[in-house]
Amino acid sequence: MNPKFIYNDLRSWIDQARKLGEVVDVEGATWQEEIGMATELLEHSDPAPAAIFNKIPGYPAGYRVLTNFFGGRRKNMTLGFPTELSRVELSEEFLKTCQGAEPIPYEFVEAGPILENIQMGDDVNVISFPSPQWHELDGGRYIGTGCFTVTSDPDEGWVNLGTYRVMVHDEKSVGCYISPGKHGRVHRDKYFARSKVMPAAVVAGGDPLLFLLASNEVPSGVSEYEYAGGLRGKPYPVIRGKITGLPIPAHAEIVLEGFVDPKRRLREGPFGEWTGYYGSDVRDEPVMDVRAIYYRNRPIILGVAPQRPPDEHARFRAIIRSGLLKQELEKAGLSGIKATWAHEVGNSRMLLAIAIEQRYAGHATQVGHVASQCHVGAYAGRYVIVVDDDIDVSNLEELIWAMVSRSDPATSIDIIHHAWSTSLDPRIHPEDKRNGKLTNSRAIIDATRPYEWRDRFPVVNMPSSVTRRRTKEKFSYLLHGFSRET
Ligand SMILES: Cc1cc2nc3c(=O)[nH]c(=O)nc-3n(C[C@H](O)[C@H](O)[C@H](O)COP(=O)(O)O)c2cc1C
Ligand SMILES: [Mn+2]
């Protein structure tokens with residue numbers, strides 16, 4: 001199936017989502033509390049609409065915040081597919097699209113709607129945009145959630161887009177929290193090691209496709225602009241930032257441009273994070289001095305505030321990361337990988353499931369260990385479960401049934417120590433976090449039928465597919481009016 005992207009920026013995306021009947025307009029909600037309240041409600045429901053908050057008290061009419069973009073049938077539209085595909089089909093089709101796309105270099109253009117308004121020098125005022133306080137205990141307002149930061153590698157020159165949260169400190173300063181190992185952090189560490197400021201541009205609202213790529217693991221050295229260009233089949237149009245020269249999307253909504261200073265840090269956090277906790281608490285983190293702000297008329301902040309999973313965040317990550325995980329396992333040379341699912345309940349990181357057709361003794365162990373340590377699976381992981389391919393790994397109940405019935409706790413679980421984690425991890429002791437000990441452990445659970453006696457493993461007491469079909473024909477009327485909506 002060939003993808004068809006029928007939008008090229010946030011505004012054309014909104015037009016398409018409206019055609020699907022999946023956008024509601026909300027007027028008068030406050031940035032202090034009410035936008036966050038409504039967003040939490042919506043993001044916890046897959047069929048719920050996207051919301052556009054307008055007439056936010058204290059701000060000009062037209063200054064808007066859009067939340068819950070990735071839900072309902074618009075998930076498929078966003079990834080370029082017909083609205084009927086299930087989440088698993090969508091994940092598979094999106095993976096094929098990524099595999100078939102050749103990166104295309106971005107293209108500098110002279111003009112674009114992002115240049116409609118510019119604040120420079122004394123005029124720069126981050127507070128002129130209605131950044132919400134998303135969760136009750138957040139340490140401040142976050143302009144950057146559905147955002148990404150553009151940086152470039154000082155040695156190699158390639159341009160990265162990464163979603164890293166951005167807290168508002170004052171009119172001209174925002175916080176720049178980036179976990180170790182992330183591409184933007186690698187760039188920043190290189191500048192800081194030379195006592196140099198890092199040029200950066202924060203895109204606080206824009207093309208949902210670019211956001212999705214910026215918040216997932218595109219390989220190091222490949223620009224997310226080039227990936228997006230490859231998916232759409234044309235170069236991504238960017239303007240040259242007036243302060244840093246960095247490429248900025250010509251159709252973005254709001255962009256902050258400036259420098260991250262190695263000498264300047266301010267208290268950042270706490271923030272309601274994707275694990276479902278305020279895990280990283282408050283720390284001194286680098287600050288970006290904002291030298292210019294570009295924005296469209298009637299600008300829109302894209303808000304993607306993490307909630308306790310499963311939530312909107314988990315929805316898009318599971319669809320994208322499950323496919324990427326399958327790809328990485330196959331690239332590692334493993335065979336018999338039938339299906340993967342990076343579960344929503346662990347926000348696509350903390351619970352990975354892989355179904356295999358067992359081909360040799362040790363196969364399941366190999367798959368589980370690679371899944372836990374490949375690039376897509378390694379960061380902030382916890383549990384990996386490997387099952388046989390009669391199990392639908394995307395179905396949490398079926399997966400856990402396989403685990404409880406086919407694994408033996410004493411012999412089926414391998415533990416890996418000292419693995420890549422983050423200060424967001426709620427299970428790392430606060431003292432360890434303070435001392436920079438940011439690793440955790442992994443459990444690899446082999447829930448396949450033991451290879452050596454798999455033929456003698458008790459048979460599952462479900463009807464055969466033939467019997468199931470006959471049952472459906474004859475007795476499905478018994479469930480009419482009683483079955484759960486799926
Ligand atoms: C809403 C949202 C907020 C995020 N915030 C952060 C963050 O503050 N710091 C961080 O290191 N990663 C954060 N991430 C995860 C990164 O976006 C993700 O790991 C991505 O792959 C980073 O891009 P990179 O691979 O180019 O470094 C966030 C993701 C989302 C969706
Ligand atoms: Mn990247």
Interatomic distance, [X] atom [atom1] to [Y] atom [atom2] [nearest 0.5 angstrom]:
X	Y	atom1	atom2	answer
Arg315	Phe70	CZ	CZ	8.5 Å
Glu171	Ser128	CD	OG	9.5 Å
Arg74	Leu79	CZ	CG	12.5 Å
Leu66	Trp13	CG	CH2	5.5 Å
Ile254	Asn117	CD1	CG	10.5 Å
Leu324	Lys331	CG	NZ	9.0 Å

Check the side chains of [Y] and [X] for a donor-acceptor pair under 3.5 angstrom, ignoring hydrogens and angles.
X	Y	result
Thr151	Tyr164	no
His417	Ser441	no
Ser179	Tyr177	yes
Asn8	Asp207	no
Glu344	Trp341	yes
Asp414	His369	yes
Gln99	Gln327	yes

Report the C-alpha separation of Glu110 and Arg240 in whole Å, then their side-chain angles, then the decisive distance to 0.1 Å, and conclude whether the salt bridge (Lys or Arg N to Asp or Glu O under 4.0 Å) test is met. CA-CA 8 Å; Glu110 289 304 312; Arg240 202 180 290 279; over 6 Å; no
Which is it for Phe211 and Phe316 under the ring pair (Phe, Tyr, Trp, His ring centres under 6.0 Å) test, yes or no, and what are the steps along the way? CA-CA 11 Å; Phe211 163 73; Phe316 66 74; 5.6 Å; yes
Shortest non-hydrogen contact from [X] to [Y]?
X	Y	value
Leu352	Gly377	CD1-CA, 3.9 Å
Ala111	Ala250	O-CB, 4.2 Å
Val260	Cys176	CG2-SG, 3.9 Å
Val255	Ala201	CG1-CB, 4.1 Å
His251	Arg296	O-NH1, 3.0 Å
Ile354	Ala371	CD1-CB, 3.5 Å

Note: [X]-[Y] ion pair, threshold 4.0 Å (strictly below):
X	Y	result
Glu22	Arg73	yes
Arg11	Asp15	no
Glu273	Arg308	no
Asp25	Arg18	yes

Counting distance only, does the side-chain N/O of [X] pair as donor-acceptor with the main-chain N or O of [Y] below 3.5 Å?
X	Y	answer
Lys326	Leu95	no
Ser173	Asp170	no
His343	Val393	yes

Under 4.5 Å between any side-chain heavy atoms of [X] and [Y], yes or no?
X	Y	value
Tyr294	Leu115	yes
Lys234	Ile104	no
Pro130	Ile301	yes
Arg442	Gln373	yes
Trp274	Arg349	yes
Leu90	Lys75	yes
Leu438	Trp420	no
Val126	Met288	no

Arg382: what forms a salt bridge (charged side-chain N to carboxylate O under 4.0 Å, His left out) with it, not counting sequence neighbours?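 Once residues adjacent in sequence are excluded, the partners of Arg382 under the salt bridge (charged side-chain N to carboxylate O under 4.0 Å, His left out) criterion are Asp425.
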Only counting residues at least two apart or in another chain, list the ones meeting salt bridge (charged side-chain N to carboxylate O under 4.0 Å, His left out) with Asp281.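 Salt bridge (charged side-chain N to carboxylate O under 4.0 Å, His left out) list for Asp281, sorted by chain: empty.
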Derivation and outcome, salt bridge (Lys or Arg N to Asp or Glu O under 4.0 Å), residues Arg434 and Glu431: CA-CA 5 Å; Arg434 201 156 322 158; Glu431 282 307 313; 3.6 Å; yes
Answer yes or no: are there more than 12 heavy-atom neighbours, outside [X] itself, under 6.0 Å from its atom [atom1]?
X	atom1	answer
Arg265	CZ	yes
Glu33	CD	no
Glu330	CD	yes
Asp122	CG	no
Lys433	NZ	yes

Examine Tyr106 together with Tyr225 and report whether their ring centres are nearer than 6.0 Å.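 Yes.
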Ring-ring centroid check Tyr59 Phe53, cutoff 6.0 Å: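 Ring-ring flag for Tyr59/Phe53: false, centres at least 6.0 Å apart.
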Quick one: is the NZ or CZ of [X] closer than 6.0 Å to the six-membered ring centre of [Y], and within 45° of its axis?
X	Y	result
Arg165	Phe271	no
Lys182	Tyr379	yes
Arg64	Phe129	no

Under the side chain to side chain donor-acceptor pair (under 3.5 Å) criterion, do Arg321 and Ser348 qualify, and how do the steps go? CA-CA 7 Å; Arg321 192 164 285 124; Ser348 92; 2.5 Å; yes
Can you label the angle between the His183 ring and the Trp158 ring as parallel, tilted or perpendicular, going by 30° and 60°?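 Ring orientation, 0 to 90° scale: perpendicular.
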Does Glu268 form a salt bridge (Lys or Arg N to Asp or Glu O under 4.0 Å) with Arg283? I'd like the steps, not just the answer. CA-CA 5 Å; Glu268 200 275 348; Arg283 283 150 298 104; 3.7 Å; yes
Just do the salt bridge (Lys or Arg N to Asp or Glu O under 4.0 Å) check on Asp289 and Lys172 with the steps written out, would you? CA-CA 6 Å; Asp289 298 322; Lys172 295 182 174 49; over 6 Å; no
Go through the structure and list residues passing side-chain contact (heavy atoms from CB on, under 4.5 Å) with Pro199, not counting sequence neighbours.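 Once residues adjacent in sequence are excluded, the partners of Pro199 under the side-chain contact (heavy atoms from CB on, under 4.5 Å) criterion are Tyr191, Thr244, Leu246, Phe259.
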Any chance you could lay out the side chain to side chain donor-acceptor pair (under 3.5 Å) test for Glu43 and Thr67, step after step, and finish with the verdict? CA-CA 8 Å; Glu43 288 184 345; Thr67 70; 5.5 Å; no
